[in-house]
Amino acid sequence: MSPVVLFDAALALGVLGCAALALTLRDRTGTVAAFMLTGLLVALSWLRLGAPDVALAEAAIGAGLTGALFLRGARRLGPLRARPPAPAQAAAAALGAAVLSAALLWAFATAPAESLYPPRVAAALEDSGVSNPVTAVLLNFRAWDTLLEIAVLVVALLLVMTLSPPRVIPDKLGALVQPFARIVVPVAVLVAGHLLWQGAEAPGGAFQAGAVLAGAGLALVLGGVRVDRRVLRRALTALALAGLAVFTLAALASQAVTGALLGYPDGQAKAWIIAIEGALTLSIAATLCLLFTGYGRRSAR
Amino acid sequence: MVTETSLLVTLPFLAALAAAAAPRAAATLGMAATLANAGFAALLARALLADGARETSLGGWEAPLGITLRADGLAALMIGMTALVGSAVALQAMGRPAPGRPAPAGGFWPLWLATLGAMNALFLSDDLFNLYVTFEILGLSAVGLTALTGSRRALRAAFDYLSAGLAGSLLLLLGVALAYAEAGRVDLAAVPALVETMRGRIALALVLAGLAVKAALFPLHFWMPAAHANAAPPASALLSALVVKTALYVALRLSLEGGAGIAPARAALAVAGSGAMLWGAWNALRAERLKLLVAHSTVAQIGLIALALGVAGNPADSTLWQAAALLMLSHALAKAAMFLAAGRIAEELGHDRISGLNRTELRPGAAEFAFAIAAVSLIGLPPTAGFVGKWVLIEGLIAREAWIWVALVMTGTVLSAAYLSRVVSRCLRGGPHVAPGARRPAWHMGDVAALGLAVGALALGLASALPFALLETTLT
Amino acid sequence: MTPDLIYPAAGAGLIGLALWRLATCGDTLRRIMALNVLAVGIAMLMLAAGRETLMLAAGRETSTLAAGRDTLTRAAGQDTPQTAGAGFLQAAADPVPQAFVLTGIVVLVAVTAALMALAERLGARDGD
Amino acid sequence: MSLVATLLGTAMIAAGVGFLLFAALGLWRLPDTLSRLHALTKADTAGLALVALGAACLSDTPAALLPLGLCALLVAVSGATIGHLIARRLMRRPAA
Amino acid sequence: MTELLPLAILMTSLGVAPAILAMPDDWSRLRTAVNLAAAALKLGLVAWLSLSVAQGAEFGLGLEIAPGLALELKADALSVLFLALSSVLWLLTTLYAVGYLEGGTDRSRFFGFFSLCVAATVGIAMAGNLFTFVVFFELLTLATWPLVVHRGSAEAHRAGRIYLVYTLGGGLALTLGAAWLYALAGAVPFAPRGVLGDLPQTHPVAVTAIFVLLIAGVGVKAALVPLHGWLPVSMVAPAPVSALLHAVAVVKSGAYGIMRIVYDVYGVETMQGLGLAAPLAALAGATILWGSFRALRQDDLKKRLAYSTVSQVSYITLGVALISPLAAVGGLAHLIHQGIMKITLFLAAGNFAEGRGVKTVSGMDGMGRLMPGATLAFTVGALGMIGVPPLAGFISKWYLGAGGLDAGQPAVIALLAGSGLMNAAYFLPILYRAWFRDPPADAVPKRRIGWMLAVPPAVTAGFVLAAGLLANAPFSPLGWTRFIVSLEYL
């Protein structure tokens with residue numbers, strides 16, 4: 001049993017344990033804390049599975065922002081209101097879930113898993129404009145998936161706008177939060193820029209940079225910056241919508257130039273990708289920030 | 001040169017963004033984009049009829065690395081259906097003030113255009129993971145449409161709808177993950193390889209289970225009636241007629257790709273379909289509210305289409321699955337007309353209790369007439385397209401001696417006649433105090449949309465040679 | 001347990017846990033959390049499958065995943081891809097499932113935000 | 001890589017891990033929340049800083065110090081702020 | 001251009017229907033004008049069509065619906081017979097309906113569905129293949145249902161529900177049978193002497209089962225015994241509806257359907273080969289007797305006429321089922337004769353109800369003196385039904401008898417005699433009460449009968465006389481049926 005296998009086993013057990021905690025604790029904030037911990041441990045396991053880009057995104061979005069959303073929800077939804085299920089139903093559900101996960105484990109463990117993608121990605125990496133294979137897949141080979149994914153973000157924002165849930169106006173958090181924000185925000189902007197730029201060669205990219213910027217935004221909101229001033233909210237909304245607009249127009253422009261939708265003119269692929277990623281970073285940050293702060297007129301604690 | 005396929009998938013999203021950015025101009029922008037989309041859909045259909053199906057690989061990367069947009073007969077038919085029903089529903093939405101209070105930037109138009117874009121992308125997609133992402137966009141925007149009215153029941157239904165939709169999508173994603181692990185690729189060309197091994201069949205079963213949740217097929221349909229009944233009329237028309245169809249379309253696409261190997265999944269689909277038909281009819285017979293009845297009739301009709309897909313899905317006998325596709329198209333037109341008409345009736349009467357339909361003096365004649373024609377098409381009586389679809393289906397089934405399924409299709413027809421005549425007979429019943437020459441309420445844009453769709457269902461019955469010709473160009 | 005069974009087992013376990021919770025509890029926040037755990041479980045299965053392909057590929061013939069892999073293996077102090085468990089930073093796995101999982105995470109946060117907005121509007125109206 | 005740097009690095013990482021272990025022990029054994037805050041903020045920050053520095057020494061490129069140092073700084077700042085917030089909340093309303 | 005004639009005839013009522021439906025109720029003058037113009041135009045077109053068909057011209061046009069499925073309109077001798085009947089009587093009944101419904105509610109809806117129903121009848125008459133026949137057959141159900149429930153009362157809706165159950169059930173059986181036949185035989189056009197080719201030999205059981213399904217489907221509308229329940233019940237409909245639909249359009253399309261199936265789908269040889277003719281004839285005979293028997297005991301005038309229709313329509317089915325040219329002539333002629341006689345009776349009965357509020361047989365005392373015109377028409381119709389020479393009824397019964405002998409079925413003569421007696425038994429008391437009893441003292445006119453209500457029954461009574469006296473003229477119903485049968489049997 002080499003030490004790394006031990007580490008993997010411990011990490012897996014940690015993930016499962018925290019997830020069980022998150023789903024079974026009766027106290028709301030306890031479940032959210034356990035959920036954030038699960039997210040961090042899962043980010044570590046992504047590293048061990050050789051997916052650093054995903055680890056960054058998981059830590060920033062999966063654990064960070066989703067945790068913040070759950071905290072906001074936990075405060076508003078009040079104590080847990082669910083009668084425990086009948087024992088028979090719980091047992092049946094447990095049995096069913098166990099059988100399904102066992103079948104899944106058998107299927108995934110014995111699957112041959114000869115993916116067709118690595119050789120093709122390696123071959124096409126040269127003229128994809130970037131050397132980080134994940135960014136190449138995300139923004140060149142399967143750019144259509146990414147465009148639709150940004151559309152998902154925009155539609156989620158539209159939905160939240162339509163619902164206009166009560167807005168987050170945090171109560172006075174004391175004197176220390178302002179200086180904290182003053183330190184964290186510039187560093188976050190710096191890190192985000194670095195992540196965006198190095199995304200072409202090494203793990204990083206629009207989503208991770210956007211998530212870090214959104215984190216900075218959240219810090220500002222919690223620091224008491226009033227986002228509800230109409231001008232700032234409209235600007236953020238415009239920024240949030242701009243990302244998808246830029247990407248779609250770039251796609252159509254690329255077809256006008258090269259005849260293939262999302263087919264970047266050869267040689268300029270890197271320039272197009274960086275431009276698109278820049279717009280995406282800002283738009284994702286704005287969208288995630290707005291998704292957290294909500295849109296409604298009535299302010300609620 | 002920018003082709004129709006790329007405009008079909010990008011224009012709606014751009015229009016949605018514009019509508020969200022400029023709420024006041026949303027209606028005109030939305031209507032213009034919907035009509036433009038209809039024009040492109042027609043262009044695509046004409047191009048397909050002229051020189052057959054075509055596949056455009058995005059970014060120039062060949063499958064399986066890149067994603068290809070497959071524009072063939074079946075996709076063009078579905079896009080045409082979406083454009084047609086969408087334009088009528090958009091017309092209805094233009095006519096009445098935006099449902100619910102005008103949200104700052106949200107509202108009907110951006111959500112509808114996002115739905116339109118997502119559906120076009122879904123119908124053209126040739127990649128399972130891409131389908132997962134388009135289903136997510138569709139789920140979110142459909143939930144937005146459901147929650148537009150902001151009433152307590154609509155919000156509750158919207159939450160259940162979104163959580164069920166997410167669960168369905170995650171099942172789909174699990175299927176994609178297993179398909180990747182098994183066949184090493186995730187585009188539809190992997191399905192023939194998946195069909196051979198046990199693991200591949202589990203993957204496809206997971207994908208179909210996810211689709212069953214999204215199509216509200218019988219055992220997994222609990223979230224749907226409340227969502228469709230409580231949404232605003234244009235929204236419920238879109239949900240029932242179009243959004244629920246996308247999952248059935250993907251199921252048909254999978255069964256065409258899978259060929260004979262996917263027979264057990266098809267049998268399960270047929271059994272679930274017949275269960276849905278009976279369950280939906282049973283609930284529709286007991287429903288008190290008009291919109292709930294129409295929503296339950298959607299469950300039943302989806303059951304019938306699933307049964308048709310299950311029994312007629314294999315690509316060998318082409319007329320059979322084309323009949324199932326025609327049933328989908330005719331159901332879309334008729335159901336949209338019925339929901340719009342039901343919405344108009346509920347608006348005029350102030351309530352939509354079935355028992356009270358005939359008590360008031362002024363009843364929207366045009367809306368009732370549209371409801372009646374839509375009912376005729378749903379039951380499948382001539383001369384509507386529903387009848388042509390059922391006739392070709394029954395003829396094919398009899399040729400294959402599948403007598404149980406013929407009996408089931410017949411019972412479905414009888415049941416739908418039973419619960420729909422509950423409503424139509426009340427529209428004809430004279431109110432106790434209908435003064436002679438009582439002024440009918442004036443015509444409303446909603447009536448025009450409902451009647452247009454209903455007459456469309458009739459006209460489609462006569463002109464169903466066109467859909468069949470279009471379906472011939474499908475790549476199987 | 002052989003090294004490449006740990007993460008699939010964890011993923012399957014997460015899925016089982018999430019499905020069990022979804023089946024037995026109706027509370028809105030818990031249902032959303034269970035859906036998130038389910039999504040993480042699926043991502044784990046997919047990435048585990050993605051990593052296996054490269055190990056198999058590496059085992060059979062040296063993979064040519066040029067730049068992206070080299071920077072990472074150099075950072076981990078090894079020069080050629082090792083079998084599982086040797087280097088701490090495992091050589092880069094198949095990039096396509098990574099793109100899928102990344103897209104999945106962003107989609108998940110969007111849907112979760114929407115679900116939370118709906119839940120709060122419902123919760124805010126009256127106790128539910 | 002010089003022998004000294006390796007020795008120094010491993011020593012620092014060992015010390016850092018020691019601090020982290022003590023912090024975990026403190027979190028487990030200490031009676032009330034306020035005292036647990038000490039374990040969380042002080043011991044964890046110190047432990048992490050040491051591990052970061054050790055890792056910087058072990059890695060062959062000096063440039064690796066910059067990101068690792070930034071991590072240590074950020075953890076220190078956020079640890080302090082959050083410690084303050086939790087304590088402030090506790091002072092206003094005794095342990096809910 | 002002339003081959004578009006069938007479509008033109010169809011569109012005169014199909015095209016007009018939506019326009020009338022969309023009209024507000026109080027545009028009655030415009031609506032009446034459009035209605036009558038359409039009816040007159042249709043009459044002219046049908047006359048032109050029958051002239052050219054007499055000279056042997058063939059009309060046909062098709063619309064491809066799906067691979068292997070087409071809507072076909074074809075005008076041959078048999079279709080012209082039914083076309084003539086429905087277009088002539090539609091004109092008269094529209095006139096009558098305009099008068100009858102003066103000041104009623106929902107008149108646009110009524111006349112819209114009225115012309116839709118005639119369009120369906122015309123479509124059935126000119127159907128070129130079994131699929132088109134089924135389409136228009138079902139359309140007829142949908143078009144007539146709102147007319148049956150037109151009054152909107154609870155009783156009308158009960159009748160409507162029963163009507164719907166019977167006719168939709170029949171429609172399903174018909175669709176299933178037709179789809180089965182299409183599955184076996186590919187396309188099923190209507191062609192003289194049948195189209196089944198070797199199917200009866202290769203799939204005898206299936207072909208018989210299909211025959212049962214098809215006859216059950218059309219039998220509902222042809223009011224064959226077990227399936228006739230809807231006819232008396234739907235007498236609650238207004239008089240013009242009962243007159244045109246239950247005396248002419250609906251019931252006759254059922255009989256016409258039987259003719260098409262027997263002559264143009266199965267063909268006479270197959271019917272004899274599979275032994276399907278005898279049971280059909282027996283069923284028709286049973287219906288004749290049962291209808292007359294039930295008519296005896298009905299006090300309500302329209303119910304009595306309804307049961308008389310049930311029995312009279314089965315004369316046509318009997319004529320078709322007896323495989324002999326003479327019987328065929330008798331049956332086909334009776335299609336026309338029964339139509340004009342029964343519509344006279346129904347219109348007269350409508351006048352009694354409207355003029356004097358008399359709805360029952362017992363109330364008919366002294367009607368001869370109160371409403372001489374209507375009663376005279378009623379008498380001519382009644383005598384024709386009984387089969388008194390020289391009226392139309394006698395001729396068709398004569399040919400039926402001769403056909404029965406020719407087909408070696410002497411029982412037919414006994415059947416005809418027996419039903420003739422029963423007809424007399426339920427019509428003569430009415431005539432006796434009308435002419436030889438003096439009216440009740442407090443008889444007070446309920447409403448003045450305008451010319452629109454009085455003229456139509458008189459005209460149709462005239463037709464009954466003419467059809468009897470001028471039977472040998474080439475253009476009389478009898479002459480035309482001889483021409484059809486000559487095509488069918490030679």
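Computed from a predicted structure; not experimentally measured. Lettering follows sequence order; numbering is per chain, from 1. Side chains included, hydrogens not; waters and symmetry mates left out as well; all remaining heavy atoms used.
- A pairwise comparison of heavy atoms in A:A111 and B:A181 identifies CB-O, 3.7 Å as the closest pair.
- Ring pair A:Y117/B:Y180 is parallel by interplanar angle, where below 30° counts as parallel and above 60° as perpendicular.
- Between the CG atom in A:L116 and the CG atom in B:L65 there is a gap of 10.0 Å [rounded to 0.5 Å].
- Listed by first and then second residue, the side chain to side chain donor-acceptor pair (under 3.5 Å) pairs that reach into residues 120-133 of chain B are A:R142-B:D127, A:D145-B:N130, B:N37-B:N120, B:T68-B:D126, B:R70-B:D126, B:S125-B:N130, sequence neighbours excluded.
- The contact between A:D127 and chain B is made by backbone and side chain atoms together, counting heavy-atom distances below 4.5 Å.
- Contact residues of residues 194-206 of chain B toward chain A are B:M198, B:R199, B:I202, B:L206 (heavy-atom distance under 4.5 Å).
- Within the 4.5 angstrom heavy-atom criterion, no atom of A:A143 approaches chain B.
- Considering all non-hydrogen atoms of both residues, A:A260 and B:G60 come closest at CB-N, 3.8 Å.
- How far CG of A:L147 is from CG of B:L58: 10.0 Å, rounded to the nearest 0.5 Å.
- Against chain B, no residue from residues 276-288 of chain A qualifies, as none has a non-hydrogen atom under 4.5 angstrom away.
- Within the 4.5 Å cutoff, side-chain heavy atoms of A:L163 are placed close to those of B:L155.
- With sequence neighbours left out, A:A19 forms a side chain to side chain contact (heavy atoms under 4.5 Å, CB included) with A:T38, C:L14, C:L17, C:V37.
- Annotation for B:L111 and A:L159: closest pair CD2-N, 4.4 Å, computed over non-hydrogen atoms.
- To the nearest 0.5 Å, the span separating CH2 on A:W144 from OG on B:S57 amounts to 14.0 Å.
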